[in-house]
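Just below is one structure, and these are the notes that go with it.
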Amino acid sequence: MTKIQNSIAKLLGKKREVIERVLNEDEEEYKSLPEQESLHSIEEIMKEIETETILDRQEVIESCIELLMKEPKLLLKDSHLNYLYFAFTTQFPPNLIALDASQPWMLYWIANSLKVLSRESLSEDFQRRVARKLLEISPEGGPFGGGIGQIPHIAGTYAAINALSLCNNIEGCWDKINRKAIYEWLLKLKQADGGFKTCLEVGECDTRGVYCALSVASMLNVLTPQLCDGVLEYLINCQTYEGGFGATPQVDEAHGGYTFCAVASLMILKQLDKINVEALIQWCSSRQCFEERGLNGRSNKLVDGCYSFWIGGTAAMIEAAGYGCCIDQNALHEYICQCCQNEQGGGLIDKPGKSPDFYHTNYVLLGLSISESEYSLQEDNITNNISTILIRSKQNNSLSYPLSNLNSINPVYGVPNTDLLNFVKHFNTPL
Ligand SMILES: CC(C)=CCC/C(C)=C/CC/C(C)=C/COP(=O)(O)OP(=O)(O)O
Ligand SMILES: [Zn+2]
């Protein structure tokens with residue numbers, strides 16, 4: 001490999017040498033091979049390019065196919081509700097210490113999963129406990145850190161605002177949010193290139209920061225031109241040659257999580273049409289794994305239930321913007337119901353063989369709700385500068401499975417649309 005090829009390979013995060021071989025099926029020599037031999041030569045090439053992930057995928061495919069062939073499964077709602085209720089009744093075991101800096105996230109994932117499953121399941125008592133805990137983390141009403149005594153973080157603040165939006169202003173918790181302090185802090189996180197750092201003191205800067213900042217600011221009605229200045233250019237530069245988005249401009253590999261952040265940010269800015277939407281659509285469609293039926297997060301990686309939201313949600317936003325649906329939602333639905341449900345004890349999972357966790361439970365449920373809905377945008381119906389996304393449940397008779405009757409999710413914000421609209425309306429007045 002030349003020096004340039006070498007550095008490109010490094011840039012793309014490839015640890016193996018790039019092997020290129022052109023197999024020209026039009027060549028006479030190839031055509032004259034008996035069928036068995038030409039297949040054999042493909043097999044040899046496949047052997048040469050074999051990676052750990054390719055071998056892992058074979059195993060994943062086998063376990064998925066086994067589950068996909070079984071009797072179709074409905075969503076085990078009660079079992080998933082019990083898994084989530086457990087979080088409100090038991091102290092977490094010591095191995096969850098790694099999530100000590102993600103407390104607002106845990107509250108968002110658990111409360112949101114409950115609300116997606118059924119509106120009533122996040123009782124007033126649970127709402128009170130979520131709101132009190134968040135206000136203990138930040139008694140000033142934001143910005144929020146990952147736990148008591150931790151420095152404010154943009155992702156913690158995003159998760160805290162999303163969690164509070166589910167709490168119906170219990171004990172006046174929405175009035176305790178310090179919009180001014182959050183807005184001024186967001187302005188300080190803003191960088192000259194249009195990106196946002198995750199925290200003032202040590203934060204990294206990528207599309208997650210942009211999305212969290214725009215999501216929080218738009219929900220609190222403080223999305224000013226000053227905050228948005230240069231953000232579009234930053235995002236445009238994060239779209240890669242593959243069509244998806246990397247974490248930072250011009251450097252990273254396209255990835256489902258960062259693509260979601262970039263596309264949701266473009267939706268908030270109402271500027272999705274400023275990027276190469278066709279390439280994005282192609283990339284999103286390519287995330288669907290043929291045999292497993294679910295979605296992966298980047299080229300040559302494994303299917304994972306959480307991309308049902310990161311990619312499924314991106315596809316829903318593209319659909320809402322009028323470009324049509326670019327993934328096979330029937331297939332995704334099958335992957336979720338057959339391969340992502342933990343039948344013993346409830347909760348949803350990444351892929352067969354994995355244990356449930358609150359992160360996957362939330363994002364798989366969001367993906368399921370999205371797979372049962374159709375999206376369009378009502379550009380003339382705007383609340384505090386947020387365009388209304390119209391969500392319709394699919395008709396039972398147009399589907400090859402019964403509907404799970406989950407709450408409708410706003411794909412830009414990742415919370416039920418009803419809660420989003422109630423919250424946003426509460427912040428009708430400017431700062
Ligand atoms: C709002 C907010 C902060 C959103 C974050 C979005 C985001 C970046 C999600 C990525 C989550 C994820 C499964 C990463 C794993 O990467 P991996 O390399 O371990 O997994 P892979 O093999 O599937 O690529
Ligand atoms: Zn995952």
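Index from 1, following the sequence. Whatever order the structure lists them in is the order used to number ligands and atoms, beginning at 1. All figures in this text were calculated on a predicted structure; none of them were measured in a lab.
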| query | When rounded to the nearest 0.5 angstrom, what is the spacing between CG in N407 and CG in N417? | reply | 10.0 Å

| query | Would E343 and K73 pass as an ion pair if we require N to O under 4.0 Å? | reply | yes

| query | Under a 4.0 Å N-O cut-off, is there an ion pair linking E171 with K176? | reply | no

| How about Y158 and Y211: does a side-chain donor come under 3.5 Å of a side-chain acceptor? | yes

| said: What's the separation between atom CG in N221 and atom NZ in K425, rounded to the nearest 0.5 Å? | reply: 13.5 Å

| field | Side chain proximity check, L406 to K77, heavy atoms < 4.5 angstrom | value | yes

| said: Taking 2.8 Å as the limit, list every protein N, O or S atom around the Zn ion (ligand 2), by chain and residue number. | reply: D304 OD1, D304 OD2, C306 SG, H360 NE2

| request: Consider only side-chain N and O atoms of T224 and Y183, and report whether a donor and an acceptor are under 3.5 Å apart. | output: yes

| field | V222 vs F427 side-chain heavy atoms within contact, under 4.5 Å | value | no

Is there any protein N/O under 3.5 Å from an N/O of ligand 1, and what does the full list of such pairs look like?
from	atom 1	to	atom 2	distance (Å)
ligand 1	18 (O)	R298	NH2	2.5
ligand 1	22 (O)	K301	NZ	3.1
ligand 1	23 (O)	Y307	OH	2.7
ligand 1	24 (O)	H255	NE2	3.2
ligand 1	24 (O)	R298	NE	2.6
ligand 1	24 (O)	R298	NH2	3.2

| task | State the CD-CZ distance between E253 and R298, to the nearest 0.5 angstrom. | result | 4.5 Å

